[in-house]
K.L.:
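Have a look at this one.
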Amino acid sequence: MSQDDETFSTIDFAALPKHFDSKAAEEKWDAAWQERGIYHYDPSRPREETFVVDTPPPTVSGALHVGHLFSYTHTDVLVRQRRMRGQNIFYPMGWDDNGLPTERRVQNYFHVRCEPHVPYEPDLALEPASAKKRKKERPRVVSRRNFIELCQQVTQEDEQAFMALWRRLGLSVDWRQEYATIDERSRHLAQLSFLDLFDKGHLYSNEAPTMWDVDFQTAVAQAEVEDRPKKGAFHDIRFGVKGSERSFVISTTRPELLPACVGVTAHPDDERYQDLFGQQAITPLFHAPVPIFPSELADKEKGTGILMVCTFGDQTDVTWWREQNLALRQVIGRDGRLVPVTFGEGVWESEKPELANRCYAELAGKRVGGARQAIVELLRDPEGRAAGDDAPLQGEPEPTDQAVKHYEKGDRPLEFITTRQWFVRLMDQKDALLERGAQIQWHPGFMHQRYQIWTENLGLDWCISRQRYFGVPLPVWYPTDADGVPDYERPIVAASGALPVDPMSDPPPGFEEGQRDQPNGFTGDPDVFDTWFTSSLTPEIGSHWWLDEARHARLFPADIRPQSHEIIRTWAFYTIAKAHLHEDTIPWKHVVISGWVVDPQRKKISKSKGNVKGSPPELLDSYSADGVRYWAAGARLGTDTAFDEKVFKIGKRLVTKLYNAGKFVLSQQAPRAPISNELDRAFVAKLAELTREASAAFDEFEFAKAMMATEQFFWASFTDTFLELTKARARGDFGGPADQGSAVAALRLGLNVLLRLFAPVLPYITEEVWSWVFAEETGQPSIHAAPWPTEADFADVTAPDDPGSFELAVEALATINKAKSDAGVSVGRVTEHLVLGANAATKDRLAPVWEDVAGAARCQDEHLEANDGLEDGAFEVREARFAEKPEKK
RNA sequence: GGGCGGGUAGCUCAGUCGGUAGAGCAACGGCCUUACAAGCCGUGGGUCGCAGGUUCGAGCCCUGUCCCGCCCACCA
């Protein structure tokens, strides 16, 4: 590098490698950025200068896929632009290692099973289990605390790998702000959240029918439920009426629930059944008398219009059961099998207990599917009838398509099973939560509706307890009476100073460990939280809510929550609910929703569908981090994007072009001079316009628009045109030192500004080129700490005399190039003689930039002629003679 | 069943206030040109899903409709 006051400082062109080594640059610059701490959050700066990101913690249970690269790049692009605008960035990274996927992995990896009731082993040291061991030996039983420690051990390796990938992708995360959803602080805050909600009266526990997964054997929340299409069949079954010859036919898709029938209902206006209301129906096979009542919820058009109410077939059954105060006959057990019961005893009323028990013996112990087959056979036998002469089953089952509720991670339909669970009251907060949603800005705006619809349709309080082992324990114990029976109505909640606690290994306040599960002692609640109970605190985990009030005040509410749209009903919704219930506020100002990466068939790319194309490391190797980021940044928020390798290639090409253009511009030697030439000033005016456009787009979170405008300008207005037009003058082929200096100054300003406009999307190549000259010249060692371009960058350059002179020069050169193309000669061929026509006005306007056009066309003898037949701004080559192809050396 | 988003060149996508349809890639033709052949110059390519309506004028606004994707819905 040479430098003095008289000339521009330049690079030695020949000293730079011919090709840009992106992988080496990624290693070099990542290390430099970490070392300089340019991503560090500065707690001393005020809140209004700070931009707080509530980063989604990726699940640490598998590998990251291309969808992660996509959406995390979006956030990073926004963050980098804000950083250049001078904001103090808080950009943490969390790891979601809390939940079922990790639980499964740890079980497999160490060949262990968690059992909350066994004691903690402080010195437990396990090795990964061999395949042989997994096959031959029974899994080792460990305490919940040990299980959590094993999890942390397993996830640590993955977290290292994830971090390496994120850093290579160029995410400008402050790694000092790392957290995991199972780490001590997250457990602490999740339990604090429980305590606070408990104190405020937003929590309750009760024993009630809850959606239950029979495989995982846990309660699940409404948000974790999805409908799946399933083939079912209507079974028409004849019921009797007590003390009457009357009968009626109900239609059901779940005949196996017949023993659980506790009522019959029809619409109050249904004339077919009005005479039955108030009477008792008799079920076939089990001959249980059940009340017949009217209900607006019954649909006259569905089935036969009259239906059986069971405990429990669906949510409506639960409603009827509550409203009508019906009996509870729970036939399906927690494992999904029909439990043994005896008809004629207790709630299991029957007018023919002997027949009922004989029939039920065919069902007991079977799963739902088996029981259904068995009961259909029983129903074909006239012996079980409750009315009429024929068999209870009327005709053959009629196939139908149904939508059946499933746990999103489960395989079998959910059942409603009565268990004791903890709930957060949300049904009384719906209006308030809708109002909170309206206070947040959603990008794109229509995503707000997803939130609204979900909130409006919310039908249940939030069930937060899970009968799993790995997770954050509920900080609750129950006192036991003299018989050792727990009193669930008087829960003992942990003291806030003692958190985090594990009630299965820690005693509650005021008790000794020796009193555990003893009469007049206590028992620990073995359940853990729904993972969303912790995940919904990510803004508070980042801000250290309650643990550091001053920090919390500076970081909460956050500015942006980036996330994908399928978890609006879970992550976004619960986070809003928590901030509302805890602090009576919104958790963030903006929600930024990325779309999905889809395959050419428009299906979401996911590992389970097997349509994942390239692994992230492969993509980064093939196309460089900048190339991958280019692809991601080209997608608007909320819009799905096709996985298209062509786009990665274009990104890589752009990186190469920036490298080459940078080398060229920064190796031009010339006397220092202000930007004075007409063409240069016209170019700068366009550059200023681009800057305004890109800045405005970023203000609206529209990074794709900003990048595409910059890219368009870079090729069409910089490398292909301005650079070609000024090349000869920059070399000093004509004009004086002022003209030459003006050209080089404008080229450098153009490069400098374009690098900064590209920097949020292409952090590596822009930093590389920036480092050659601009870092020292501007005193900004990193482009990522340099200011985002503004009007101030162009303040010293006076406006062009003719704002259209740049376009005229481009058009004139294009006209000459076309003549060369038509003549089959390269644009580099010397033009020995040229007569260019334009109308008089256009000719006069072109005059100030004509030398540059002629220089770019390599003219030796050029003439401009008036030709009033042409339109304004149009040119015509009237005479041209090109040099012979030079001899090859 | 309700709602949201999309449908524009072979492909991926822009399209501002309603004012003569754009870019890149691909294709085709030419070019080794003192930054770059990982490049450059040029050429062709459209019933804007379909049908109506409003308007002097519609890719854009209104109505209907088809297709794709997604979200939601009490599954008798």
K.L.:
Roughly how far apart, to the nearest Å, are B:A51 and B:A14 at atom P?
P.N.:
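Nearest-Å result for B:A51 against B:A14 at atom P: 24 Å.
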K.L.:
May I ask you to say what A:R569 touches in the nucleic acid, namely base, sugar-phosphate or nothing, with a heavy-atom cut-off under 4.0 Å?
P.N.:
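Sugar-phosphate, backbone atoms only, no base.
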K.L.:
To the nearest angstrom, how far is A:R228 atom CZ from B:C72 atom C1'?
P.N.:
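So the two atoms are 16 Å apart, to the nearest Å.
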K.L.:
For the side chain of A:W596, starting at C-beta, report the closest nucleotide among B:C71, B:G3, B:A38.
P.N.:
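Per side-chain heavy atoms of A:W596, the pick is B:C71.
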K.L.:
On RNA chain B, nearest-nucleotide positions of A:Q449 versus A:E702: which is more 5'?
P.N.:
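In this pair, the answer is A:Q449.
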K.L.:
Specify the separation, in whole Å, of atom CZ of A:R692 and atom C1' of B:U16.
P.N.:
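A:R692 atom CZ is separated from B:U16 atom C1' by 16 Å.
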K.L.:
Heavy atoms under 4.0 Å, any strand shown: does A:N817 hit a base, just sugar-phosphate, or nothing?
P.N.:
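The residue A:N817 makes sugar-phosphate contact but no base contact.
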K.L.:
Between B:G69 and B:C31, how far is it from one P atom to the other, in whole Å?
P.N.:
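48 Å, rounded to whole Å.
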K.L.:
With the side chain of A:R858 defined as its heavy atoms from C-beta on, choose the nearest nucleotide among B:C72, B:U34, B:G29.
P.N.:
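Of all the options, the side chain of A:R858 is nearest to B:U34.
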K.L.:
Measuring from the side chain of A:W454 (C-beta onward, heavy atoms only), which nucleotide among B:C74, B:A35, B:C72 has the closest atom?
P.N.:
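When the side chain of A:W454 is considered, B:C72 is the closest of B:C74, B:A35, B:C72.
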K.L.:
Write down the distance between NZ (A:K652) and P (B:C36), rounded to a whole number of angstrom.
P.N.:
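Rounded to the whole Å, the gap is 19 Å.
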K.L.:
Does B:C56 have a Watson-Crick or wobble partner in any strand here, with both distances under 3.5 angstrom, and which is it?
P.N.:
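Matched B:C56 with B:G19 under the 3.5 Å cut-off.
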K.L.:
Can you tell me how far apart NZ (A:K231) and CD (A:Q402) are? Round to the nearest 0.5 Å.
P.N.:
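CD of A:Q402 is found 10.0 Å from NZ of A:K231.
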K.L.:
Could you give the CG-to-C1' distance, from A:D640 to B:C13, as a whole number of Å?
P.N.:
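One finds 14 Å between C1' of B:C13 and CG of A:D640, rounded.
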K.L.:
Examine B:A35: is either OP1 or OP2 under 4.0 Å from a nitrogen or oxygen in the side chain of A:K727? Give yes or no.
P.N.:
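Answer is yes, contact under 4.0 Å.
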K.L.:
Collect all protein-nucleotide pairs involving nucleotides 18-27 of chain B in which both atoms are nitrogen or oxygen and the distance is under 3.5 Å.
P.N.:
unit_1	atom_1	unit_2	atom_2	d
B:A23	O2'	A:Q712	OE1	3.3
B:C25	OP1	A:R653	NH1	3.3
B:C25	OP1	A:R653	NH2	3.2

K.L.:
Categorize A:L723 for me: base, sugar-phosphate, or nothing, with a 4.0 angstrom heavy-atom threshold over every strand shown.
P.N.:
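Contact class for A:L723: base.
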K.L.:
For nucleotides B:A9 and B:A23, find the distance between their P atoms and express it as a whole number of Å.
P.N.:
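My reading of the P atoms in B:A9 and B:A23 gives 14 Å.
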K.L.:
How close or far is atom P of B:C36 from atom CD of A:Q668, stated in whole angstroms?
P.N.:
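About 12 Å, once rounded to whole Å.
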K.L.:
What's A:T656 touching, base or sugar-phosphate or nothing? Going by heavy atoms closer than 4.0 Å.
P.N.:
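Base, at least one base heavy atom under 4.0 Å.
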K.L.:
Counting any heavy atom closer than 4.0 Å, what does A:R829 reach on the DNA or RNA strands: base, sugar-phosphate only, or nothing?
P.N.:
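Counting heavy atoms under 4.0 Å across all strands, no contact is made by A:R829.
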K.L.:
Between B:U20 and B:C48, how far apart are the C1' atoms? Round to whole Å, please.
P.N.:
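Per the computed distance, 15 Å lies between those C1' atoms.
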K.L.:
Please give the nucleotide sitting opposite B:G69 as a Watson-Crick or G-U wobble pair, both distances under 3.5 Å, or none.
P.N.:
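Base partner found: B:C4.
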K.L.:
Honestly, is A:R329 close enough over A:W321, meaning NZ or CZ under 6.0 Å from the six-membered ring centre and within 45° of the axis?
P.N.:
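No, a cation-pi geometry is absent between A:R329 and A:W321.
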K.L.:
Is the phosphate of B:U16 approached by A:K705 (side-chain N or O, under 4.0 Å from OP1 or OP2)?
P.N.:
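Result: no.
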K.L.:
By the 4.0 Å heavy-atom rule, please label A:K818 as base, sugar-phosphate, or nothing.
P.N.:
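Here A:K818 touches the backbone only, sparing every base.
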K.L.:
From the options B:A73, B:C70, B:A37, select the nucleotide whose nearest atom is closest to the side chain of A:K18.
P.N.:
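Nucleotide nearest to A:K18's side chain: B:A37.
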K.L.:
Is A:K705 salt-bridged to A:E700, going by a charged N under 4.0 Å from an acidic O?
P.N.:
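No, A:K705 and A:E700 are not salt-bridged.
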K.L.:
Taking a pair as Watson-Crick or G-U wobble with both distances under 3.5 Å, which nucleotide is matched to B:G24?
P.N.:
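Partner of B:G24: B:C11.
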K.L.:
Any donor and acceptor pair, going by atom type alone, linking the side chain of A:T304 with main-chain N or O of A:V249 inside 3.5 Å?
P.N.:
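Side chain of A:T304 to backbone of A:V249, a donor-acceptor pair under 3.5 Å: yes, one is there.
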K.L.:
Considering residues, nucleotides and ligands other than A:K300, do more than 12 of their heavy atoms fall under 6.0 Å from its NZ?
P.N.:
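Yes, because the 6.0 Å sphere around NZ of A:K300 holds more than 12 heavy atoms from other groups.
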K.L.:
Look at the side chain of A:Q222 and decide which nucleotide, out of B:G5, B:A73, B:G29, has an atom nearest to it.
P.N.:
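The answer is B:A73, which lies nearest to the side chain.
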K.L.:
Measure from CD1 on A:I11 to P on B:A35 and round the result to the nearest Å.
P.N.:
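That distance rounds to 13 Å.
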K.L.:
Report which part of the nucleic acid A:Y623 touches: base, sugar-phosphate, or nothing (heavy-atom distance under 4.0 Å, all strands).
P.N.:
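Nothing: the residue A:Y623, judged by heavy atoms under 4.0 Å, touches no strand.
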K.L.:
To the nearest Å, give me how far apart CG (A:D401) and C1' (B:A73) are.
P.N.:
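So the two atoms are 16 Å apart, to the nearest Å.
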K.L.:
Using the P atom as the point on both nucleotides, what is the distance between B:G44 and B:G29, in whole Å?
P.N.:
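Comparing P positions in B:G29 and B:G44 gives a spacing of 15 Å.
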K.L.:
Would you kindly check whether a donor in the side chain of A:K657 faces an acceptor in the base of B:C36, or vice versa, at under 3.5 angstrom?
P.N.:
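Answer is yes: a donor-acceptor pair is held.
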K.L.:
In whole angstrom, give me the gap between the P atoms of B:G19 and B:C60.
P.N.:
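Between the two P atoms, the distance is 11 Å.
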K.L.:
Nearest to the side chain of A:S826 - B:U34, B:C71, B:C31?
P.N.:
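For A:S826, the side-chain atoms sit closest to B:C31.
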K.L.:
Just checking A:A814: base, sugar-phosphate only, or nothing, at a heavy-atom cut-off of under 4.0 Å?
P.N.:
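Contact class for A:A814: sugar-phosphate only.
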K.L.:
When the C1' atoms of B:C17 and B:C13 are compared, how many Å lie between them, rounded to an integer?
P.N.:
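My reading of the C1' atoms in B:C13 and B:C17 gives 23 Å.
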K.L.:
NA contact type, A:Y659, heavy-atom cut-off 4.0 Å: base, sugar-phosphate, or nothing?
P.N.:
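Nothing, no heavy atom under 4.0 Å.
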K.L.:
Atom CG in A:L379, atom CD in A:Q394: separation rounded to 0.5 Å?
P.N.:
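Answer rounded to 0.5 Å: 10.0 Å.
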K.L.:
Nearest to the side chain of A:Q402, heavy atoms from C-beta on, is which of B:G29, B:C32, B:C75?
P.N.:
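Closest of the options to the side chain of A:Q402: B:C75.
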K.L.:
Could you check which nucleotide pairs with B:G46 in any of the strands shown, counting Watson-Crick or G-U wobble with both distances under 3.5 Å?
P.N.:
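Pair assignment: B:G46 / none.
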K.L.:
Using a 4.0 Å heavy-atom cut-off, does A:D720 contact any base of the nucleic acid, only the sugar-phosphate backbone, or nothing at all?
P.N.:
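Touches sugar-phosphate only.
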K.L.:
If you round to the nearest 0.5 Å, how far is CD of A:Q712 from OG of A:S717?
P.N.:
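The distance works out to 7.5 Å.
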K.L.:
Please list, chain by chain and in numerical order, all residues satisfying side-chain hydrogen bond (donor to acceptor under 3.5 Å, both in side chains) with A:E724, sequence neighbours excluded.
P.N.:
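A:K727.
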K.L.:
Of all the choices, B:A35, B:C71, B:G5, which nucleotide is nearest to the side chain of A:E566 once you look at every atom?
P.N.:
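Between B:A35, B:C71, B:G5, the one nearest the side chain of A:E566 would be B:C71.
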K.L.:
Would you call A:R729 and A:D733 a salt bridge, taking side-chain N to carboxylate O under 4.0 Å as the test?
P.N.:
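Looking at A:R729 and A:D733, the cut-off is not met.
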K.L.:
Which part of the nucleic acid, if any, lies within contact of A:T719, taking any heavy atom under 4.0 Å across all strands shown: a base, the sugar-phosphate backbone alone, or nothing?
P.N.:
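Answer is base: heavy atoms of A:T719 come under 4.0 Å of a base.
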K.L.:
Could you check A:F758, A:W770, A:F13, A:W772 and say which one makes a ring pair (Phe, Tyr, Trp, His ring centres under 6.0 Å) with A:Y659?
P.N.:
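When A:F758, A:W770, A:F13, A:W772 are each tested with A:Y659, the ring pair (Phe, Tyr, Trp, His ring centres under 6.0 Å) holds only for A:W772.
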K.L.:
Using the C1' atom in both, what is the distance from B:U16 to B:C11, to the nearest Å?
P.N.:
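So the two C1' atoms sit 26 Å from each other.
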K.L.:
Does atom CD of A:E689 have more than 12 heavy-atom neighbours, drawn from other residues, nucleotides or ligands, at distances under 6.0 Å?
P.N.:
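Yes, because the 6.0 Å sphere around CD of A:E689 holds more than 12 heavy atoms from other groups.
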K.L.:
Once you round it to whole Å, what is the distance between C1' of B:C74 and CG of A:D227?
P.N.:
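Roughly 10 Å, once rounded to whole Å.
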K.L.:
State whether the distance check finds a donor on one side and an acceptor on the other, under 3.5 Å, for side chain A:T639 versus base B:G5.
P.N.:
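No, no donor-acceptor pair under 3.5 Å.
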K.L.:
More 5' along RNA chain B: A:A223 or A:H19, using each one's nearest nucleotide?
P.N.:
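Here A:H19 is the residue nearer the 5' end.
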K.L.:
Would you classify A:G303 as touching base, sugar-phosphate or nothing, given that sugar-phosphate means primed atoms plus P, OP1 and OP2, and contacts are heavy atoms under 4.0 Å?
P.N.:
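Result for A:G303 = nothing.
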K.L.:
Can you identify which nucleotide, out of B:G3, B:C41, B:C74, has its nearest atom closest to the A:V827 side chain?
P.N.:
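The answer is B:C41, which lies nearest to the side chain.
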K.L.:
Taking the basic N atoms (NZ, or NE/NH1/NH2) and the acidic carboxylate oxygens, is any pair closer than 4.0 Å for A:R254 and A:E415?
P.N.:
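Between A:E415 and A:R254 there is a salt bridge, with a charged N closer than 4.0 Å to a carboxylate O.
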